[in-house]
Amino acid sequence: GKNRRQFISNLPEELDAEGEYYYDRKKATLYFIPNEDYEEGMPVTISLFNASAVKTDKAENIVFRGIKFSYFVYQPITVQNSDGIVFENCEISHTSHAAATVTNSLNCRFISCDIFDTASGGVYFEGCGDRYNLIESGSAVENCVIKDINRILTCYRPAVHFKNGCGLSVRKSTLSDAPHALIILE
C-alpha cells in the first residue's frame, strides 16, 4: 500500500550510510561502510551457522559452564523434554533469534549468564511444570544480566518469557534495555 513502510536489506546499490553492509554469498565477500569508531584491522564477524549449538531432547543432568555462545543465525540453545540442564557463567550474544528456548522441561536453569544483543528476546520457558496440578518445574534465571535484546522484533519478545508453566522464577538478575516488556507471564 502507499502508506506502508519498506525496508530493503543486503542490496549493494543501497549502501550509503555508516553501519550498512552487503554480503555477497556467491563470492563469500562482505562490503560495508564502517562506523566512525572502526579502526583498520579490527575483526569483522560473519555468522553462517544456521542451527542451535545446544539442542537437547530427553536429556538429563548436563551442565554447560563458561561457554560463549555468540554469532548465531538461529538461536544458540534449544532444550526440550529434558531435566536438569544448567547453563552457568555462559555468554549468549549476537544472535538472529532469541537466546534460548526451554520447552516441557524441568530443573533447567541459567545461572550467572550474560545475555545481550539478540534479535528477538532472551530466554523462553514453555510448558515447564504443570500449573493446573501445581507441579513445580524448578526452572529459573538466576543472577543473570539480560540486556539489549530485540534488535529486530520489538514487541512481545521479553528478556524472560514464562508460558503455561509453574514454579519458574527470576532471581537476583538485571533485566534492561528492551523496547517492550522485560518479563511476560502467560
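Note that these values count all heavy atoms, side chains included, but never hydrogens, waters or copies made by symmetry.
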Hydrophobic clustering (ILVMFWY, side-chain heavy atoms < 4.5 Å, transitive) - are Y132 and L134 grouped together?
no
Taking the six-membered ring for Trp and the single ring otherwise, decide whether the centroids of F116 and H94 are under 6.0 Å apart.
yes
Are the side chains of D117 and T95 in touch, meaning some heavy atoms are under 4.5 Å apart?
no
Could you tell me whether the side chain of D114 reaches within less than 4.5 Å of the side chain of I146, counting heavy atoms only?
no
With a 4.5 Å cut-off on side-chain heavy-atom distances among I, L, V, M, F, W and Y, is there a chain of contacts connecting V141 to V54?
yes
With sequence neighbours left out, what residues match F87 under ring pair (Phe, Tyr, Trp, His ring centres under 6.0 Å)?
F64, F110
Between R157 and H180, is there a donor-acceptor pair closer than 3.5 Å when you use the side chain of the first and the backbone of the second?
no
Measure the spacing between CD of E136 and CG of N107 and express it to the nearest 0.5 Å.
9.5 Å
With no hydrogens and no angle check, just 3.5 Å: does a side-chain donor-acceptor pair link N164 and R131?
yes
Using only atom types and a distance under 3.5 Å, with no angle test, would you say the side chain of S139 pairs donor to acceptor with the backbone of C108?
yes
Polar contact flag, side-chain donor to acceptor under 3.5 angstrom, H161-E126
no
With sequence neighbours left out, write down each residue that passes ring pair (Phe, Tyr, Trp, His ring centres under 6.0 Å) with Y23, or none if nothing qualifies.
none
Spacing of CD1 belonging to I152 relative to OG1 belonging to T118, to within rounding of 0.5 Å:
9.5 Å
Report the distance from atom OG of S105 to atom NZ of K58, rounding to the nearest 0.5 Å.
11.5 Å
Determine, stepwise, if the pair I149 / D177 fulfils side-chain contact (heavy atoms from CB on, under 4.5 Å).
CA-CA 7 Å; I149 55 173; D177 302 315; over 6 Å; no
Which is it for C90 and F69 under the side-chain contact (heavy atoms from CB on, under 4.5 Å) test, yes or no, and what are the steps along the way?
CA-CA 7 Å; C90 293; F69 300 96; 4.0 Å; yes
So which residues get pulled into Y31's cluster when ILVMFWY side chains under 4.5 Å apart are joined, directly or through others?
L15, Y22, I33
N/O donor-acceptor pair under 3.5 Å between N150 side chain and G121 backbone:
yes
Can you check whether L168 reaches C128 side chain to side chain, under 4.5 Å on heavy atoms?
yes
Between side-chain atoms of residues 74-81 and protein atoms elsewhere (two or more places apart, or another chain), which donor-acceptor pairs fall under 3.5 Å?
unit_1 : atom_1 : unit_2 : atom_2 : d
Q75    : OE1    : H97    : ND1    : 3.1
Q75    : OE1    : T101   : OG1    : 3.0
Q75    : NE2    : T78    : OG1    : 3.2
Q75    : NE2    : T101   : OG1    : 2.9
T78    : OG1    : S52    : OG     : 2.9
N81    : ND2    : D57    : OD1    : 2.9

How is the hydrophobic cluster of I111 composed, in terms of its other members, when Ile, Leu, Val, Met, Phe, Trp and Tyr link through side-chain heavy atoms under 4.5 Å apart, directly or indirectly?
V63, V86
Give a yes or no answer on whether the side chain of N133 reaches the backbone of I135 with a donor-acceptor pair at less than 3.5 Å.
no
Side chain to side chain, L106 and S137, heavy atoms closer than 4.5 Å
yes
For the pair N35 (side chain) and Y38 (backbone), establish whether a donor and an acceptor sit closer than 3.5 Å, ignoring hydrogens and angles.
no
May I ask you to check whether S70 and S93 show a side-chain donor-acceptor distance below 3.5 Å?
yes
Test of understanding: with ring pair (Phe, Tyr, Trp, His ring centres under 6.0 Å), list the residues that count as partners of F125, not counting sequence neighbours.
F162
Stepwise side chain to side chain donor-acceptor pair (under 3.5 Å) check, S112 with N143
CA-CA 5 Å; S112 300; N143 207 29; 3.2 Å; yes
Cluster overlap I115 with I67, hydrophobic side-chain contacts below 4.5 Å:
yes
Is the shortest side-chain heavy-atom distance between K172 and E142 below 4.5 Å?
no
Between the CG atom in L153 and the OG atom in S96, the distance rounded to the nearest 0.5 Å is 10.5 Å
Answer yes if Y124 and V145 sit in the same cluster of Ile, Leu, Val, Met, Phe, Trp and Tyr residues linked by side chain heavy atoms under 4.5 Å apart, and no otherwise.
no
